[in-house]
Amino acid sequence: MSTFDNPFDPDRNLRAGCVCGQHRSAAEHEQATALHCEPVASEEKRYEGVVASAVMRAMFPQDVARRAFLKSVGASTALAALTQFFPLKTATEVFAQAGAPEKKDLKVGFIPITCATPIIMAAPMGFYAKHGLNVEVVKTAGWAVIRDKTINKEYDAAHMLAPMPIAISLGLGANAIPFAVPAIENINGQGIVLATKHKDKRDPKDWKGLKFAIPFDYSMHNYLLRYYLAEHGLDPDTDVQLRSVPPPEMVANLRADNIDGFLAPDNICQRAIYDGVGFMHLLSKEIWDGHPCCSFAASREFITTAPNSFAALTRAIVDATAYASKAENRKQIAEAIAPANYINAPVTVLEQVLTGTYADGLGGVKTDPKRVDFDPFPWQSFAVWMLTQMKRWGQIKGDVDYKAVAEQVYLATDTKKLMTEMGLTPPASSYKSFAVMGKNFDPAKPEDYVASFKIRKAS
């Protein structure tokens, strides 16, 4: 049973079973519901549940005795009796006070792409307010600006590319400042788009000399494009040109013939198709199905000085992510994030991305409901894989303590606890193996993985 479930329900377990109390085990719960448990209606109810659950656990250590008591007297009588002998209202107020955000007015920076969906939608759809925060989400021009404004404390937290907090923590491209990731914003959600004039160049071996845009050097877009090119025998540092271009400027650069293609967030891909200047070569999930894309990140200083504010922010993001994970909510979300102060895109374009039914720019309509998906868990194996690619392409020199860096930056343990408190089901482990273009990755053997690639920068 979740800490936040009804402690006066005789059919719920206080100790065994799954976190929502409706299944016999965590595995059964995960299979049945994934992220689809309904969150508690309000923070007040959440705190009431915490206190009442604690008292019921103390009074009835055994579920059998608690069930017998509740079935004999009923929930309302049990609550009245408990209130008579224990100051539930006072205890709830004290508990709520202890968890109150140190700072309620916050600024969170974002880039206007669908990868930031949970961060953006949490403002107009009330998820921040629900968790006691007044958050201004600030549209930002590019990733370097996001990084600098967050480091300079103009933003309390930010939407960042999944590798960025690792790079910042290691001092790559900026001074080393400890950052952390409590939540992944989206998985999949990217694609390779080529200019319409290249419809006859579907084989990457024909791409020598082409110019491609990526959003940032420390991005999954960069690593996935490099991986894809190298697997087709092209050295991304010598056989093609890679340019960092802010996502909002990519379509204009494609139209102006400044670039031949890009690996970019899905709404940028779909906008190029919508405008008739490009076509979808492939979705990034065809390279690695389930890959992380963007993250929600904050400095360790903010986490330390405002832990309750950080926790409330993370709850709001996880809450919004759970809502976004449901296919039936995607059209509503597209409308919420389309306005000019958010993504500034036609609702049609965002619906094609979020629902997965989209025009491919080649005259066809394709359907893939997992084109983009939302799962907040910050797998530490994701971080290890990113570090292998930083090492592979010469962004990191010398030895790397993969495990230590991954566990310092990706807060899997903290997120597990928070998700469990919210009635969600986090994975049992923080590491998992996966395959990228058919090649298995074992997070326990990162150096072997780096050494296995024929095309890479010399050490």
Side-chain angles (χ1 to χ4, degrees), residues 113-114 188-216 219-289 291 293 345-346 348-353 355-372 393 435-439 453-456:
I113 53 179
T114 43
N188 299 332
Q190 308 171 15
I192 297 178
V193 162
L194 296 178
T196 304
K197 67 179 182 179
H198 292 310
K199 284 185 178 179
D200 61 337
K201 292 185 178 177
R202 300 304 303 277
D203 187 341
K205 292 176 182 176
D206 297 329
W207 293 359
K208 280 193 176 183
L210 297 189
K211 300 181 290 289
F212 289 91
I214 53 171
F216 199 60
S219 69
M220 287 298 296
H221 311 76
N222 182 27
Y223 303 140
L224 291 177
L225 181 56
R226 284 173 171 272
Y227 198 108
Y228 183 74
L229 292 168
E231 288 298 297
H232 286 90
L234 298 182
D235 188 323
D237 289 313
T238 58
D239 292 330
V240 301
Q241 294 182 45
L242 299 183
R243 300 178 178 177
S244 290
V245 178
E249 299 175 17
M250 286 185 175
V251 175
N253 274 273
L254 193 67
R255 183 184 292 109
D257 206 27
N258 295 329
I259 55 176
D260 296 288
F262 50 68
L263 198 158
D266 270 346
N267 65 298
I268 306 300
C269 297
Q270 207 58 47
R271 187 58 189 258
I273 294 167
Y274 182 84
D275 288 356
V277 298
F279 68 92
M280 184 70 76
H281 173 67
L282 57 71
L283 300 177
S284 59
K285 74 186 290 284
E286 297 174 65
I287 300 172
W288 170 6
D289 192 4
H291 70 80
C293 178
T348 300
V349 169
L350 301 185
E351 281 188 0
Q352 289 186 65
V353 171
T355 66
T357 298
Y358 63 97
D360 63 4
L362 296 169
V365 174
K366 294 186 175 180
T367 300
D368 189 335
K370 298 294 184 182
R371 172 182 180 171
V372 63
W393 301 115
V436 183
M437 291 187 72
K439 184 183 180 75
F453 294 109
K454 181 179 179 181
I455 297 178
R456 65 182 192 272

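Looking only at distances, no side-chain donor or acceptor of N253 sits under 3.5 Å from a matching main-chain atom of I259. With hydrogens and angles disregarded, a donor-acceptor distance shorter than 3.5 Å links the side chain of Q352 to the backbone of A359. Judged by distance alone, with hydrogens and angles left aside, the side-chain atoms of T196 form a donor-acceptor pair with the main-chain N or O of V277 at under 3.5 Å.
Every residue two or more places apart in sequence or in another chain that forms a ring-ring contact (aromatic ring centres under 6.0 Å, His included) with Y227 is listed here: F453. In this structure R255 satisfies the salt bridge (Lys or Arg N to Asp or Glu O under 4.0 Å) test together with D275, sequence neighbours excluded. Evaluation of the ring-ring contact (aromatic ring centres under 6.0 Å, His included) rule for F212 yields W207 as partners, not counting sequence neighbours. Scanning for side-chain hydrogen bond (donor to acceptor under 3.5 Å, both in side chains) contacts around K439 gives S452, with sequence neighbours left out. For the salt bridge (Lys or Arg N to Asp or Glu O under 4.0 Å) test, residues two or more places apart in sequence or in another chain that qualify with K370 are D373.
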So D368 and K285, salt bridge (Lys or Arg N to Asp or Glu O under 4.0 Å) or not? Walk me through it. CA-CA 10 Å; D368 189 335; K285 74 186 290 284; 3.1 Å; yes
Under the side-chain hydrogen bond (donor to acceptor under 3.5 Å, both in side chains) criterion, do H281 and Y228 qualify, and how do the steps go? CA-CA 12 Å; H281 173 67; Y228 183 74; 2.8 Å; yes
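Closest approach of M280 and C269 over heavy atoms only: CE-CB, 3.7 Å. Pairing each heavy atom of C293 with each of Q190, the nearest pair is SG-NE2, 3.1 Å. Nearest approach of L210 to D260, heavy atoms of both residues: CA-OD2, 3.5 Å. Taking all atoms of both residues into account, the shortest heavy-atom contact from H291 to S284 is NE2-OG, 2.7 Å.
Interatomic distance, R456 CZ to W393 CH2, rounded to the nearest 0.5 Å: 9.5 Å. Rounded to the nearest 0.5 Å, atoms CG (L283) and CG (N188) are 8.5 Å apart.
Sequence neighbours left out, the pairs with a member in residues 225-235 that pass salt bridge (charged side-chain N to carboxylate O under 4.0 Å, His left out) are R226-D237.
Using a cut-off of 4.0 Å between Lys/Arg side-chain N and Asp/Glu carboxylate O, K197 and D257 are scored as salt-bridged.
Two residues are said to be in side-chain contact when any heavy atoms from C-beta on lie closer than 4.5 Å; V353 and R371 meet this criterion.
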